[in-house]
S.K.: 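Structure provided below as structure tokens; questions to follow.
Below, chain A is the first sequence line, B the second, and so on; all start at residue 1. Predicted model, so just to flag it, every value in this text is computed and none were measured.
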Amino acid sequence: MFPLADERARGEASAPQALYSIVFDGAEVWGDDAPLPMSIAADLWDVYLDEVSP
Amino acid sequence: MSAHDHDHDHDHDHGVHESGATMASRVAALVAKLEAKGLVTSAQIDGAVEAFLAKAQPANGAALVARAWKDPAFRARLLGDANAALDELGIDMTHWARVKLRAVENTESMHNVIVCTLCSCYPVALLGPSPTWYKSLAYRARVVREPRAVLEELGVKLDPRVEVRVWDSTAELRYVVVPLRPAGTEGMSESELAALVSRDALIGTAVCASPRAE
């Protein structure tokens with residue numbers, strides 16, 4: 001659980017929230033010309049994520 | 001200085017030199033304001049930076065890796081909770097705030113490399129001050145777009161089947177790479193092993209060479 005960097009940067013109080021390391025396959029990010037095999041792991045706060053319809 | 005440092009210094013002169021100068025002048029302006037308000041003195045700031053940097057060396061990261069290579073139980077603890085593993089070795093990653101560290105391990109099928117695409121987040125306590133190229137726009141942009149090409153330019157030749165995983169750091173989480181232990185090091189002591197682990201290997205932009213290959 002980590003405070004949201006966006007809020008801290010504005011000097012606001014920030015309730016800690018989950019920070020997920022999410023791995024994206026290179027093709028998901030760069031499409032057909034991704035230099036596979038590669039992947040990108042990005043740290044994303046809970047609030048950055050949208051629920052996808054099941 | 002290796003050829004690869006040179007190439008990046010060269011890029012830096014043409015690429016981010018201006019933003020570097022802007023940053024230095026912004027820092028100077030901020031320090032001047034704080035001094036004018038009587039909140040800090042330059043001497044206090046210099047003292048704090050010096051005290052932190054005196055302990056911040058790539059030898060810390062190398063010691064961590066050498067211990068992990070020698071001791072499978074420590075390796076498991078390092079990969080599970082890197083901050084606790086640091087505590088075991090007496091390495092202090094705290095300076096102004098305690099930062100969460102995650103160690104990512106290279107394997108025969110996965111090579112890890114770290115970057116901060118947003119700015120220059122970096123485990124200074126483990127690796128010492130970051131190299132200029134790590135902060136360059138070229139590295140930050142290219143290593144996520146074409147990591148295999150960047151690694152090849154830096155002399156890292158990977159099997160085409162090995163996945164390259166790029167870890168994008170944030171202010172909250174720092175990464176360190178646990179490189180593959182080179183062949184021919186079976187009988188080596190922890191300190192001999194640590195000598196094989198370069199700063200760049202801990203970033204993932206180099207591999208550890210076998211002592212026989214040198």
S.K.: Atom CG of B:Leu151 and atom CE of A:Met38: how far apart are they, to the nearest 0.5 Å?
M.R.: 10.5 Å

S.K.: Just to verify, what does A:Asp43 make a side chain to side chain donor-acceptor pair (under 3.5 Å) with, not counting sequence neighbours?
M.R.: A:Ser21, B:Tyr175

S.K.: As an exercise, state the distance from OG1 of B:Thr170 to CZ of A:Phe2, rounded to the nearest 0.5 Å.
M.R.: 7.5 Å

S.K.: Check each atom of B:Val115 against the heavy atoms of chain A and say whether the ones under 4.5 Å are side chain, backbone, both or neither.
M.R.: neither

S.K.: I'd like to check B:Glu163 versus A:Ser39 (side-chain heavy atoms, cut-off strictly below 4.5 Å). Are they in contact?
M.R.: yes

S.K.: For the residue pair A:Pro37 and B:Pro160, what are the closest heavy atoms and their distance?
M.R.: CD-O, 3.1 Å

S.K.: Name all residues meeting the side chain to side chain donor-acceptor pair (under 3.5 Å) criterion together with A:Asp46; count only those two or more places apart in sequence or in a different chain, and write none if there are none.
M.R.: A:Tyr20

S.K.: Quick one: what part of A:Val29 sits under 4.5 Å from any heavy atom of chain B, side chain, backbone, both or neither?
M.R.: neither

S.K.: Does any non-hydrogen side-chain atom of A:Asp33 lie less than 4.5 Å from one of B:Arg145?
M.R.: yes

S.K.: To the nearest 0.5 angstrom, please state how far the OG1 atom of B:Thr117 sits from the CD1 atom of A:Ile40.
M.R.: 9.0 Å

S.K.: Other residues, nucleotides and ligands only: do more than 12 of their heavy atoms fall within 6.0 Å of CD on A:Glu12?
M.R.: yes

S.K.: Should A:Arg8 and B:Glu172 count as side-chain neighbours, where that means a heavy-atom distance under 4.5 Å?
M.R.: yes

S.K.: Atom CG of residue position B:Leu89 - does it have more than 12 heavy atoms of other residues, nucleotides or ligands inside 6.0 Å?
M.R.: yes

S.K.: Evaluate salt bridge (charged side-chain N to carboxylate O under 4.0 Å, His left out) for A:Asp25 paired with B:Arg165, printing each intermediate quantity in order.
M.R.: CA-CA 9 Å; A:Asp25 184 75; B:Arg165 178 160 294 173; over 6 Å; no

S.K.: So does B:Val144 get a backbone contact from the side chain of A:Trp30, meaning a donor-acceptor N/O pair under 3.5 Å?
M.R.: yes

